[in-house]
Protein chains: 2
Amino acid sequence: MGMGRPREFDAEMALDQAMEVFWRHGYEGATIAQLTEAMGINPPSLYACFGNKEGLLKAALDRYTKLRGVWMDEVVAAPTARAVAERMLMGIADKQTDPANPPGCLLVQGGIACGTGSENVPFELAARRAQNEDQLRERFVRAKAEGDLKPTSDPAALARYVSAVSVGMGVMASSGSDREALRQVADVAVQAVEAQSAEKT
Amino acid sequence: MGMGRPREFDAEMALDQAMEVFWRHGYEGATIAQLTEAMGINPPSLYACFGNKEGLLKAALDRYTKLRGVWMDEVVAAPTARAVAERMLMGIADKQTDPANPPGCLLVQGGIACGTGSENVPFELAARRAQNEDQLRERFVRAKAEGDLKPTSDPAALARYVSAVSVGMGVMASSGSDREALRQVADVAVQAVEAQSAEKT
DNA sequence: CCACATCTGTAGTGAACACTACATATCTGG
DNA sequence: CCAGATATGTAGTGTTCACTACAGATGTGG
């Protein structure tokens, strides 16, 4: 029994192109025609490889969060809660205005509200954003245990806050705010984390 | 010459229903069938009154921002920059989790990314969000002039920051965060504004 | 070289979409 | 009561959508 004709395209490179289309137009705004053209394949190849449009989105999200996860590891490796917040928010200011990518964040652009039949998409995106928030929360829990954050501070609230600011910056970026504007937001936002930090001794 | 048959529905009540559909499903996710059913009218009445789907959205946005404008006036009437931020963000925490409305903010849920033919929608929403930001900035400029904010503070950056947090909270609300979670975010966020406030004398 | 398995390109499928033609109904002004 | 004007309900219009049937191409194992 043979193994069949081999695939003629690179799945990861195709995913990168699909990711950009979803990023720019959102899940519902992206059409199969746009996706296949960007990926350089025909619809049957797409469906054979990813199942359907939502499967392609999930694969693109997997790839996105995998790349992003590497960076998040660097973020939480910062020495203090304040440094974590600064590294995260300043990094986001830069990443979300990087001309190499569409503006904003795929986890927001992908779809905040969707129509009937795609109700699952916003949940999917929210779940991935929640993963980042969890990682931040764990880091802030540690910061509190280490005495880096005040004993009265709430690590979960801080993580939610940083996550919320990140999302807000993503929307700003996608609607035309430039890097400098985002950095100013990040700069102000970090001060709230600083206010929760223990005094320097 | 006669004046023609009078309209049988109330345009504002119909708009309220349309607003809720856009709010819940976004511009692209909302269908004319859903809109007409919610509004209690048939498609020809919709098109005669609002032109097309995008015209209906703009009319709904006008109504939304008009209602919201009343509240924003109360927000900027708070005595200090810190109080403005607190009233705004705490109010948003409550409004965006009010079960009387869909969760989140129409200016975000309406559409952050859209497909070909609706590229104008995200711009339209961004422009309305910018109006709020302008109002905040003017208020913070005044706060700085009054010595309420530090001489080193940047009112424009502060306004952008509060606006960004508001948007982030809207996304959180639409993805299931409850009122308490949003209030915690607001509470942390206010501390950044406080850090820019002059010392109490 | 053959049986089999998988991929690829062409060319569609039915369904859902935004939008509208048209006949009818209901008003005002004369 | 009639003419003109505008609204309404029915029943569609063409287009675009996600998705697929099918035939041919290209590989592997025997």
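In what follows, chains are A, B, ... by sequence order, proteins preceding strands, each numbered from 1.
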Of Glu54(B) and Glu8(B), the one whose nearest nucleotide on DNA chain C sits closer to the 5' end is Glu54(B)
Step through the shown structure and confirm whether more than 12 heavy atoms of other residues, nucleotides or ligands are within 6.0 Å of CZ on Phe123(B).
-> no
Qualifying salt bridge (Lys or Arg N to Asp or Glu O under 4.0 Å) pairs, either residue in residues 143-170 of chain A, two or more places apart | Arg142(A)-Glu146(A)
For the side chain of Ile32(B), starting at C-beta, report the closest nucleotide among dT8(D), dG27(D), dA18(C).
-> dA18(C)
Please report, rounded to the nearest Å, how far the P atom of dT26(C) is from the CZ atom of Arg7(B).
-> 17 Å
Specify the separation, in whole Å, of atom CG of Leu56(A) and atom C1' of dC19(D).
-> 13 Å
Measure from NZ or CZ of Arg24(B) to the centre of the six-membered ring of Phe22(B) and say whether it is under 6.0 Å with the direction within 45° of the ring axis.
-> no
Checking salt bridge (Lys or Arg N to Asp or Glu O under 4.0 Å) for the pair Asp98(B)/Lys95(B): CA distance, chi angles, key distance, verdict?
-> CA-CA 5 Å; Asp98(B) 183 345; Lys95(B) 285 168 147 329; over 6 Å; no
Under-4.0 Å side-chain N/O to phosphate OP1/OP2 contact, Ser45(A) with dC7(C) | no
Given dT26(C), dT28(C), dC19(C), which nucleotide is nearest the side-chain atoms of Met3(B)?
-> dT28(C)
Could you list the protein-to-nucleotides 11-16 of chain D atom pairs, N/O on both sides, closer than 3.5 Å?
none

Rounded to the nearest angstrom, tell me the gap between atom CZ in Phe9(B) and atom P in dT26(C).
-> 17 Å
Starting from C1' on dA16(C), measure out to CG on Leu35(B) and report it in whole angstrom.
-> 15 Å
Nucleotide nearest Arg5(A) when distance is taken to its side chain, options dA7(D), dT10(C), dC7(C) | dC7(C)
For dC19(D), does OP1 or OP2 lie under 4.0 Å from any side-chain N or O of Tyr47(A)?
-> yes
Donor-acceptor pair, Tyr161(A) side chain versus Ala189(A) backbone, under 3.5 Å?
-> yes
Take atom NZ of Lys53(A) and atom C1' of dC17(D), then tell me their distance rounded to the nearest Å.
-> 8 Å
To the nearest Å, how far apart are Glu28(B) CD and dC17(D) P?
-> 11 Å
With under 30° as parallel and over 60° as perpendicular, where do the rings of Trp23(A) and Tyr64(A) fit, or are they tilted in between?
-> perpendicular
Listed nucleotide nearest any side-chain atom of Asn52(A), set dC19(D), dC7(C), dG27(D) = dC19(D)
Please state how far atom CD in Gln34(A) lies from atom C1' in dA18(D), giving the value in whole angstrom units.
-> 13 Å
Exercise: do Asn120(A) and Glu54(A) side chains pair donor with acceptor under 3.5 Å = yes
In whole angstroms, the gap separating P of dA18(D) from CG of Leu57(A) amounts to 13 Å
